[in-house]
Amino acid sequence: MKQKAIIFDLDGVICFTDKYHYLAWKALADELGIYFDETINNRLRGVSRMASFEIILERYEGKPLTEEEKVACTEKKNTLYREMLKDMSPADLSDEVKNTLDELRSRGIKLAIGSSSKNTPFILERIGLADYFDAVSDGNNITKSKPDPEVFLKAAEFLGMDPKDCLVVEDAEAGIEAAFAGGMEAAALGDAAKSKCGTYNLSTFSDLLKI
Ligand code: BG6
Ligand code: MG
């Protein structure tokens with residue numbers, strides 16, 4: 001690998017919290033009588049909480065919601081989501097992900113998180129990685145979410161690295177776009193790899209060792 005650092009997305013890359021995001025949004029959408037499925041859910045990957053809700057509301061046919069009502073809805077979704085996360089433990093971090101991270105680190109590569117999620121510290125703590133990464137940039141230190149490159153540029157800055165020396169790992173098309181906008185190459189996994197939008201399109205996390 002020519003890069004000196006890797007910036008990992010969290011949900012859908014390091015751990016599979018993306019399925020709980022979907023289930024929590026689905027419960028809220030059902031309550032509001034809005035059609036929502038996994039294809040629409042793919043558009044929410046990497047997108048901030050409120051921007052995700054705006055995408056879901058594209059199919060809402062009821063009385064327009066006030067800003068306060070929208071905030072209340074996103075808070076309700078987040079409460080449900082966190083309820084689903086409470087039983088997560090280090091056992092939810094796969095051996096493949098942990099062993100690959102350890103191997104990359106032993107090769108001298110710096111490792112960071114670049115996630116739109118405000119729940120990042122909570123999730124890292126649940127899966128036993130609270131103190132693992134060299135830098136964490138997340139939804140709590142940004143004003144613009146992916147596809148804006150801010151979260152990755154901050155991660156590079158926290159690492160003290162030039163963005164061009166960082167590789168981004170993402171499952172979201174919005175995240176790949178954000179990496180390119182920040183002048184970084186991107187390795188795609190999952191949904192993003194299916195659409196072959198990365199510089200590298202991987203079938204599994206440990207393929208990072210072959211780049
Ligand atoms: C991203 C997820 O990691 O975080 C998005 O891919 C999610 O689906 C976003 O909306 C914000 O998450 P949170 O935890 O701050 O609601
Ligand atoms: Mg993701």
Side-chain angles (χ1 to χ4, degrees), residues 7-60 65-94 97-98 101 111-133 135-146 148 150-152 154-155 158 169-172 174-175 178 189-191 205:
I7 305 171
F8 295 92
D9 173 50
L10 181 66
D11 298 313
V13 168
I14 297 291
C15 55
F16 296 98
T17 38
D18 50 335
K19 69 175 180 253
Y20 300 122
H21 274 297
Y22 171 68
L23 291 172
W25 282 128
K26 177 76 179 143
L28 180 69
D30 285 352
E31 204 180 302
L32 293 169
I34 307 173
Y35 178 79
F36 182 62
D37 62 19
E38 301 212 19
T39 305
I40 302 169
N41 184 63
N42 282 335
R43 291 175 57 206
L44 314 187
R45 292 180 187 276
V47 174
S48 74
R49 196 178 304 165
M50 187 52 88
S52 296
F53 189 45
E54 293 290 354
I55 292 171
I56 291 169
L57 284 176
E58 286 170 9
R59 288 171 183 256
Y60 177 60
L65 301 179
T66 62
E67 285 312 308
E68 291 71 27
E69 285 168 333
K70 287 183 188 176
V71 169
C73 284
T74 56
E75 279 170 3
K76 191 168 185 178
K77 178 264 174 178
N78 194 50
T79 302
L80 183 56
Y81 174 62
R82 290 193 48 131
E83 182 63 26
M84 293 172 176
L85 296 185
K86 79 173 191 325
D87 294 331
M88 272 186 102
S89 74
D92 289 287
L93 177 67
S94 75
V97 169
K98 184 64 172 61
L101 290 172
L111 307 175
I113 291 288
S115 167
S116 304
S117 174
K118 293 187 170 164
N119 290 302
T120 297
F122 177 66
I123 295 166
L124 290 177
E125 200 261 318
R126 299 302 318 161
I127 60 177
L129 292 182
D131 300 314
Y132 186 85
F133 291 93
V136 175
S137 171
D138 65 28
N140 300 295
N141 62 256
I142 55 168
T143 55
K144 288 163 276 175
S145 94
K146 303 167 189 175
D148 189 281
E150 184 181 10
V151 73
F152 296 138
K154 283 265 182 249
F158 295 160
V169 186
E170 261 293 349
D171 70 316
L189 278 167
D191 187 57
F205 193 88

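All residue numbers refer to positions in the sequence shown, counting from 1. Only this structure's heavy atoms are used, side chains among them; waters, hydrogens and symmetry mates stay out.
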* Ile113 pairs by side-chain contact (heavy atoms from CB on, under 4.5 Å) with which of Ile123, Leu129, Thr120? -> Thr120
* To do: For residues Met88 and Ile127, determine if any side-chain heavy atom of one lies less than 4.5 Å from a side-chain heavy atom of the other.
  => yes
* List for me each residue that meets side chain to side chain donor-acceptor pair (under 3.5 Å) alongside Tyr20, sequence neighbours excluded, and say none if there are none. => none
* Asked: Any side-chain heavy atom of Tyr132 within less than 4.5 Å of one from Lys98?
  -> yes
* To do: For the pair Phe8 and Phe205, evaluate ring pair (Phe, Tyr, Trp, His ring centres under 6.0 Å) and give the outcome as yes or no after the intermediate values.
  => CA-CA 11 Å; Phe8 295 92; Phe205 193 88; 5.7 Å; yes
* If you measure from CG on Asn42 to OG1 on Thr39, what distance do you get to the nearest 0.5 Å? -> 6.5 Å
* To do: Would you check if Leu101 and Val97 make a side-chain contact, meaning some heavy-atom pair closer than 4.5 Å?
  => yes
* Asked: Partners of Thr74 by side chain to side chain contact (heavy atoms under 4.5 Å, CB included), sequence neighbours excluded?
  -> Trp25, Arg49, Met50, Phe53
* Lys77 charged N/C atom sitting above Tyr81 aromatic ring, 6.0 Å / 45° -> yes
* Rounded to the nearest 0.5 Å, what separation is found between the CD atom of Glu38 and the CZ atom of Arg43? -> 15.5 Å
* Asked: Any donor and acceptor pair, going by atom type alone, linking the side chain of Glu150 with main-chain N or O of Ile142 inside 3.5 Å?
  -> no
* Structure fact -> Across all chains, not counting sequence neighbours, the side chain to side chain donor-acceptor pair (under 3.5 Å) partners of Lys19 are none
* Considering all heavy atoms of both residues, which atom of Gly46 and which atom of Ser116 are nearest to each other, and what is their separation? -> O-OG, 2.7 Å
* To do: Answer yes or no: is there a donor N or O on one side and an acceptor on the other, between the side chain of Asp148 and the main chain of Ser145, under 3.5 Å?
  => no
* Return yes if some donor-acceptor pair links the side-chain N/O of Asp30 with the main-chain N/O of Ala27 below 3.5 Å, else return no. => no
* Asked: Taking C-beta and beyond as the side chain, do Leu124 and Leu10 meet within less than 4.5 Å on heavy atoms?
  -> yes
* **Expected output: side-chain Asn140 to main-chain Lys118 donor-acceptor under 3.5 Å** => yes
* Asked: Is there side-chain contact between Ile7 and Val169, with heavy atoms separated by less than 4.5 Å?
  -> no
* With a 4.5 Å limit on heavy-atom distance, are the side chains of Asp92 and Phe16 in contact? -> no
* Shortest non-hydrogen separation from Ala178 to Phe152 and the atoms involved -> CB-CE1, 3.8 Å
* Minimum side-chain heavy-atom gap Lys146-Asp9 below 4.5 Å -> yes
* With the side chain counted from C-beta on, respond yes when Leu93 and Cys15 share a heavy-atom pair under 4.5 Å apart, and no when they do not. => no
* CG of Leu23 to CG of Leu28: how many Å apart, nearest 0.5 Å? -> 13.0 Å
* Please report the closest heavy-atom contact between Val13 and Asp171, naming both atoms and the distance. => CG2-N, 3.6 Å
* To do: Determine the minimum heavy-atom distance between Gly12 and Thr17, stating which atoms define it.
  => N-OG1, 4.3 Å
* Asked: Honestly, is Arg59 close enough over Phe36, meaning NZ or CZ under 6.0 Å from the six-membered ring centre and within 45° of the axis?
  -> no
* Which value, rounded to the nearest 0.5 Å, describes the distance between Leu80 atom CG and Lys26 atom NZ? -> 13.5 Å
* Asked: Are the side chain of Ser52 and the backbone N or O of Val47 linked by a donor-acceptor pair below 3.5 Å?
  -> yes
* To do: Could you tell me whether Arg126 and Asp87 have a side-chain N and a carboxylate O separated by less than 4.0 Å?
  => no
* Structure fact -> dist Arg82:CZ -> Asn78:CG (nearest 0.5 Å) comes out at 6.5 Å
* To do: List the atom of Arg45, the atom of Ala174, and the distance in Å for their closest heavy-atom pair.
  => O-CB, 4.0 Å
* Asked: Which heavy-atom pair separates Asp11 from Ser115 by the least distance, and what is that distance?
  -> OD2-OG, 4.4 Å
* Going from SG on Cys73 to CD1 on Ile56, what distance comes out if it is rounded to the nearest 0.5 angstrom? -> 10.0 Å
* To do: For atom CG of Asp131, decide whether the heavy atoms of other residues, nucleotides or ligands shown that lie under 6.0 angstrom number more than 12.
  => no
* Is it the case that Ser117 and Asp138 place a side-chain donor and acceptor less than 3.5 Å from each other? -> no
* To do: Give a yes or no on whether the backbone of Phe122 and the side-chain of Asn119 come within a donor-acceptor separation of less than 3.5 Å.
  => no
